[in-house]
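A quick write-up on the structure given underneath.
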Amino acid sequence: MPFVPDLASGPVVIAIDPHKASWTAVAVDTRLQPVASIRVPVNRDGYRQLWRFARRWPEASWAIEGAAGLGAPLTTRLAADGVQAVNVPAKLARRVRSLSTGHGRKTDEADALSVGTAALTATRLNATVIDEALAALRAVTEHRDDLVRTRTQTVKRVHVLLAQLIPSGLPRKLTAETAAAALRTIRPRTLLARTLRRLAVELLTDLRRLDRRITEATATLSAAVTASGTTLTQLHGVGDVMAAKILAQTGSVSRFRSESAFASFCGVAPIEVSSGDVQRHRLSRAGDRQLNYALHVMAMTQTQRPTSGRDYQRKRAARKTHREAMRCLKRRLADVIFRTMLKDTETSLLPTP
């Protein structure tokens with residue numbers, strides 16, 4: 001049921017609830033009340049309808065839920081027309097909707113209204129700018145991760161087949177060459193053995209193709225990291241692949257107001273859960289999981305070298321558990337990454353002599 005048009009009392013926010021096939025927009029005024037709404041398809045005609053709808057409020061600002069995700073196509077089109085939209089995280093919009101009146105009813109219009117309410121009341125919301133270079137880097141990084149996962153599944157299936165053809169099986173770190181050498185020694189005589197060998201050969205072909213594609217994706221990431229001029233690769237435990245993941249997931253490091261804010265974004269900042277005289281903290285379950293993973297890999301590498309990993313050894317010597325010591329080390333490494341990226345940004349802004 002569309003909202004009944006009304007006169008807005010002051011500035012208006014055009015709040016968008018994006019989907020794959022539609023955009024639902026609600027104009028929200030400073031009273032946090034809906035003024036008008038429209039639902040349009042995700043295409044050129046739909047964008048024109050949305051633009052005509054917004055022209056009723058020349059001074060209106062825009063807010064999009066997930067502006068870098070499902071809302072990215074709309075964000076890009078608005079940026080091309082000189083309009084910068086505020087990004088409203090889906091989690092924030094969901095909280096606003098759950099705390100509002102209406103008995104938890106969920107419709108596209110209600111979702112868009114929650115987006116507008118959040119944009120008008122929340123602080124520190126960022127305007128989203130789609131950086132094509134970072135978006136491309138993120139796409140290649142995610143593509144490589146998918147390839148690696150598929151390769152892992154393929155290797156497991158090859159192991160299962162070879163374990164039935166070879167009594168002792170093969171070592172865990174299986175490569176295409178090792179599997180091919182083993183298959184050449186097998187001369188099956190029964191129907192089952194011939195079928196298993198044929199399936200293993202087909203999987204081996206898939207494995208070699210995946211290896212080639214992973215190598216190509218890795219080369220693409222290495223070239224992108226080199227072109228970025230980042231010094232993250234000078235840190236222990238950060239290679240080209242991890243540097244690409246950190247750059248892609250972080251975006252512009254200047255959007256974080258402090259090292260603590262970046263650590264919170266990575267999910268390595270402890271959360272205070274004190275009550276009364278009891279003062280305690282717990283591990284954050286939020287944050288970007290990809291960045292958290294990159295910090296974990298970096299921390300595991302540094303524990304084996306005379307670097308910041310010595311902090312881990314000191315924590316262990318102080319009777320901290322492995323997980324507690326790793327949390328402390330990952331928090332410290334988040335600060336190191338933040339300072340490194342901030343320094344890279346400042347250096348790139350310096351005028352060349």
Side-chain angles (χ1 to χ4, degrees), residues 1-3 6 8-20 22-39 50 54 60-75 78 84-130 249-252 255-258 260-276 280-292 334:
M1 185 72 179
F3 294 118
D6 190 7
S9 60
V12 167
V13 171
I14 307 298
I16 307 294
D17 177 39
H19 291 276
K20 291 181 179 180
S22 67
W23 293 318
T24 300
V26 173
V28 185
D29 63 18
T30 54
R31 300 171 302 174
L32 307 183
Q33 295 299 314
V35 178
S37 70
I38 188 174
R39 179 187 177 94
L50 188 60
S61 56
W62 292 70
I64 302 176
E65 179 181 347
L70 279 178
L74 179 58
T75 304
L78 289 173
Q84 208 171 38
V86 172
N87 177 42
V88 177
K91 190 174 183 179
L92 175 59
R94 186 164 58 250
R95 286 178 178 174
V96 171
R97 186 180 66 248
S98 64
L99 294 174
S100 64
T101 58
H103 306 288
R105 293 187 180 90
K106 187 181 185 310
T107 63
D108 290 343
E109 287 83 0
D111 289 345
L113 176 59
S114 299
V115 172
T117 302
L120 288 166
T121 57
T123 59
R124 299 193 183 97
L125 291 180
N126 299 312
T128 299
V129 178
I130 303 297
Q249 297 300 125
T250 301
S252 175
R255 65 193 178 99
F256 299 101
R257 64 184 182 276
S258 64
S260 298
F262 178 71
S264 178
F265 181 74
C266 296
V268 295
I271 298 176
E272 185 174 2
V273 286
S274 303
S275 178
R280 64 189 181 91
H281 295 76
R282 69 168 177 82
L283 178 66
S284 172
R285 299 296 181 184
D288 189 287
R289 306 319 298 168
Q290 293 296 315
L291 284 175
N292 195 296

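Just so we're clear, the structure is a prediction, and the values are computed from it rather than from any experiment.
Residue T121 holds its OG1 atom at 7.0 Å from CG of L92, rounded to the nearest 0.5 Å. One distance of note links CG of L291 with OG1 of T250; it measures 4.5 Å at 0.5 Å rounding. Atom CZ of R97 sits about 9.0 Å away from atom OG1 of T107, to the nearest 0.5 Å.
At least one side-chain heavy atom of T30 sits less than 4.5 Å from a side-chain heavy atom of P11. Side-chain contact between V86 and V13: absent, with no pair of heavy atoms (C-beta onward) separated by less than 4.5 Å. At least one side-chain heavy atom of L74 sits under 4.5 Å from a side-chain heavy atom of L50.
Here the closest heavy-atom approach between residue E65 and residue P18 is recorded as O-CG, 3.2 Å. Of all the heavy atoms in A269 and S260, the pair that sits closest is CB-O, 4.5 Å. Between V115 and A63, the closest heavy-atom pair is CG1-O, 3.8 Å. Contact detail for L70 and H19: the closest heavy-atom pair is CD1-CA, 4.4 Å. Of all heavy-atom pairs between R255 and Q249, the closest is NH2-O, 4.2 Å. Looking at every heavy atom in both residues, I16 comes nearest to A25 through CD1-CB, 3.3 Å.
Between the D29 side chain and the V12 main chain, no donor and acceptor come within less than 3.5 Å of each other. Judged purely by atom type and a 3.5 angstrom limit, N87 uses its side chain to pair as donor or acceptor with the backbone of A67. Looking only at distances, a side-chain donor or acceptor of T117 sits under 3.5 Å from a matching main-chain atom of L113.
Relative orientation of the F256 and F262 rings is perpendicular, given thresholds of 30° and 60° on the angle between their planes.
In R289, the CZ atom is crowded: over 12 heavy atoms of neighbouring residues, nucleotides or ligands sit closer than 6.0 Å.
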| task | List the steps and the verdict of side chain to side chain contact (heavy atoms under 4.5 Å, CB included) for T75 and I64. | result | CA-CA 8 Å; T75 304; I64 302 176; 3.6 Å; yes

